[in-house]
Structure formats: structure tokens, C-alpha cells
Undergrad: 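For reference, the structure I am asking about is given below.
Chain letters run A, B, ... following the sequence lines, proteins first, then strands; residues in each count from 1.
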2 protein chains.
Amino acid sequence: MELEGIIGKIRGRGYKATPQRVAVLEAISAEQHQSLEGIRSRCPGVGMVTVYRTLDLLSGLGLVRRLDLGDGPRYELAEDHHHHLICEDCGSVAEFEQCPLDPRQLPEVGGDFEVRAHSLEVYGRCSACR
Amino acid sequence: MELEGIIGKIRGRGYKATPQRVAVLEAISAEQHQSLEGIRSRCPGVGMVTVYRTLDLLSGLGLVRRLDLGDGPRYELAEDHHHHLICEDCGSVAEFEQCPLDPRQLPEVGGDFEVRAHSLEVYGRCSACR
DNA sequence: CCGTAACTGAAAAAAAATTTCAATAAGGTA
DNA sequence: TACCTTATTGAAATTTTTTTTCAGTTACGG
């Protein structure tokens with residue numbers, strides 16, 4: 001759990017590491033790609049408004065990623081580089097680490113676009129649904 | 001413009017090609033990755049509920065893709081295979097055709113996951129913002 | 001410690017999405 | 001062509017989600 005590092009980044013950028021923000025962060029780190037509801041239920045003491053604002057802040061800082069995998073928005077820690085396998089039948093989401101991007105081609109795609117990050121979602125059917 | 005083909009697919013699956021659905025389809029095809037508001041303003045005669053339902057239907061049929069590029073949901077025709085360059089400064093969205101995925105690696109990522117499609121978003125800064 | 005600017009949260013408001021249901025119309029059939 | 005059946009539409013109401021407001025609170029540098 002690298003929460004310490006993330007908290008350090010929050011402070012480093014001039015924001016306060018309040019208990020509420022830390023609680024939201026812990027909630028997010030408990031499980032990847034959670035719904036808002038899931039996050040909220042993991043930090044019941046934090047007001048809804050603060051959860052929204054904290055997610056905005058952390059997304060803006062690039063510490064948290066916001067996903068749309070079909071239903072409502074989902075959130076996850078942006079620490080590690082990984083991608084998603086989304087089952088179109090049951091909606092389950094799995095992750096995989098091995099990035100199938102060809103690194104030689106990525107810099108070319110954009111011309112003078114400065115690439116900073118990327119996000120890949122793979123859709124299909126999971127083994128259980130086959 | 002391949003609307004005829006898409007309309008054929010709607011009918012082929014047993015759904016009716018109503019004027020409202022065609023109007024929504026034309027609105028979507030007018031510009032890629034539009035917001036709901038943009039689509040609505042391009043087919044003012046179609047009620048909001050019908051727009052929502054049509055987008056659900058077309059997404060379900062795989063004819064339209066739903067995106068989350070940062071702000072609200074966006075939609076585009078799913079005909080052609082392309083990906084997105086999203087500028088984190090100004091929010092502009094560009095497309096590119098050349099898919100940088102290594103096709104040899106993709107089948108392996110999922111184990112027994114059956115891959116049907118994928119979606120790639122590249123984040124960074126556009127040339128204008130540099 | 002103190003002071004201050006950043007932060008929180010309850011309530012209210014606004015925005016977005018969904019449900020309901022009576023009326024309508026597409027598209028097959030005779 | 002007229003008809004019939006069933007899918008579809010849309011206005012209104014409802015529900016859900018997100019944002020705004022603002023008075024009170026707190027983190028943290030000095």
C-alpha cells in the first residue's frame with residue numbers, strides 16, 4: 001500500500017492531507033474500479049460532497065483514474081499501469097498487466113501530440129460466460 | 001455516409017427503423033464523439049426519452065460506441081476502427097487510425113477471455129497547447 | 001500556539017437519467 | 001390497399017446523480 005507516497009504528493013502540490021481525503025484514498029485503494037457507491041460505503045464518515053470533491057482533486061492530480069466501463073463512473077488508483085478486460089455479458093471487469101501496445105508505434109500516432117499516458121479497454125466475453 | 005447499412009442492421013435484428021431513430025443516427029453521424037446535448041440539438045424533433053432509448057439500442061447492437069473522455073458521456077458511430085488523442089489541457093479530442101496494438105499480444109492477455117473489440121485512449125497535450 | 005487560507009458538510013438546487021402509460025405508427029399480412 | 005399487431009414514442013412525473021452555497025471547522029506554516 002503506497003498511500004504514504006500519494007499523501008506526500010497531495011501535500012507537495014500545496015493541498016492539505018485532511019483525514020477525509022485520506023479516508024477516501026483508503027477506500028479507493030481497497031479495490032480497483034469501484035463505483036462511487038462502493039467508495040462511499042467504505043468511508044461512511046465522509047460527506048458525499050467531499051467524496052465528489054476529493055475524486056475531482058485526485059483525478060486532477062493524476063493520482064486516481066476515472067473509468068467508464070459501461071455503467072456509471074468508476075475509480076481506481078492510477079499507480080500501476082494496467083488495462084481492463086470487460087465482459088459484455090456479465091459486466092465483470094478484470095485487469096491485465098501485460099500492455100499489448102507496440103511502444104514503437106505509439107510516439108508516431110500523434111504527430112506533434114505529446115503523449116503522457118494511455119488507457120486500453122478490451123471488450124468480449126469472460127470465461128465464465130462462454 | 002453508411003447510414004443505409006446501419007438502418008439495414010437495425011431492421012435485420014427485428015427493430016423498426018423509425019424516423020426518430022434515423023434522425024438520431026444522422027445526428028450522431030454528423031460528428032464523432034458528440035455529447036448528448038450535441039446530438040439532441042441536431043434532432044430537435046425527437047424527444048429526450050427517445051434519444052436515450054435509441055442510444056441504448058444502438059450501443060447494444062454495437063453500432064454506436066459510448067465514450068467517457070473526461071466530461072460527460074459521448075457517442076460516435078462504431079463503423080470504423082480508430083482511437084482517440086485527448087488533450088488534458090484544452091480537452092480537445094482528435095482521432096487516429098493507425099492502431100498501435102501489437103496483434104500478437106492481444107489474444108494472449110486474457111487467457112480464456114474471448115476478445116471482441118478494444119478501445120484505446122491516449123492522453124497528453126495537443127500541439128496547440130504546447 | 002496563532003492566524004489564515006483551505007477545507008468540510010448539510011441543505012438546497014440543478015442537472016441527468018429513468019419510469020410510466022396512453023396514444024401512435026411501422027411493417028407484415030391478406 | 002386496408003388492416004392488425006406489436007413495437008415505439010413522448011409528455012409528465014419520478015428518481016438518481018452531481019453541483020452550488022455558505023457558515024462553521026481545521027490543517028499546517030510561521
Undergrad: Provide, to the nearest angstrom, the distance between the CD1 atom belonging to B:Ile10 and the P atom belonging to C:dG27.
TA: 10 Å
Undergrad: Could you tell me how far apart B:Asp68 (CG) and C:dA16 (C1') are, to the nearest whole angstrom?
TA: 14 Å
Undergrad: Between C1' on C:dA16 and CG on B:Asp56, what's the gap in Å once rounded to a whole number?
TA: 13 Å
Undergrad: Could you check whether any side-chain heavy atom of A:Arg130 comes within less than 4.5 Å of a side-chain heavy atom of B:Glu114, counting everything from C-beta outward?
TA: yes
Undergrad: Does the side chain of A:Gln20 get closer than 4.0 angstrom to OP1 or OP2 of C:dG9 through an N or O atom?
TA: yes
Undergrad: Both B:Pro73 and B:Arg11 contact DNA chain C. Which one's nearest nucleotide lies toward the 5' end?
TA: B:Pro73
Undergrad: Return the 5'-most residue of the pair A:Arg53, A:Leu36 with respect to DNA chain D, ranking by each residue's nearest nucleotide.
TA: A:Leu36
Undergrad: Do the side-chain N and O atoms of A:Gln34 and A:Arg42 include a donor-acceptor pair separated by under 3.5 angstrom?
TA: yes
Undergrad: Rounding to an integer number of Å, can you tell me how far B:Asp71 CG sits from D:dT18 P?
TA: 14 Å
Undergrad: D:dT8 phosphate, OP1 or OP2: any side-chain N/O from B:Thr50 under 4.0 angstrom?
TA: no
Undergrad: Does the side chain of B:Ile6 reach to within under 4.5 Å of the side chain of B:Leu61, using non-hydrogen atoms?
TA: no
Undergrad: Rounding to a whole Å, what distance do you find between B:Tyr15:OH and D:dT5:P?
TA: 23 Å
Undergrad: Assign the ring pair B:Phe96 / B:His83 to parallel, tilted or perpendicular, where the plane angle (0 to 90°) is split at 30° and 60°.
TA: tilted
Undergrad: To the nearest Å, how far apart are B:Arg40 CZ and C:dA17 P?
TA: 11 Å
Undergrad: Are B:His118 and A:His84 close enough that their ring centres sit under 6.0 Å apart?
TA: no
Undergrad: Side chain of A:Arg21 only, please: which of D:dG10, C:dC7, D:dT6 is the nearest?
TA: C:dC7
Undergrad: If you check every side-chain atom of A:Tyr52, which of C:dG27, D:dT9, D:dT19 has the closest atom?
TA: D:dT19
Undergrad: Using whole Å, what does the distance between atom P of nucleotide C:dA16 and atom CG of B:Leu55 come to?
TA: 15 Å
Undergrad: Please determine, for the side chain of B:Lys16, which listed nucleotide (C:dA6, C:dG9, C:dG27) has the closest atom?
TA: C:dG27
Undergrad: In this structure, how many angstroms lie between the P atom of C:dA12 and the CE atom of A:Met48, rounded?
TA: 13 Å
Undergrad: Counting only side-chain heavy atoms from C-beta out, which of C:dA10, C:dG27, D:dC28 sits nearest to A:Ala17?
TA: D:dC28
Undergrad: Think A:Thr18 has a side-chain N or O under 4.0 angstrom from the OP1 or OP2 of C:dA6?
TA: no
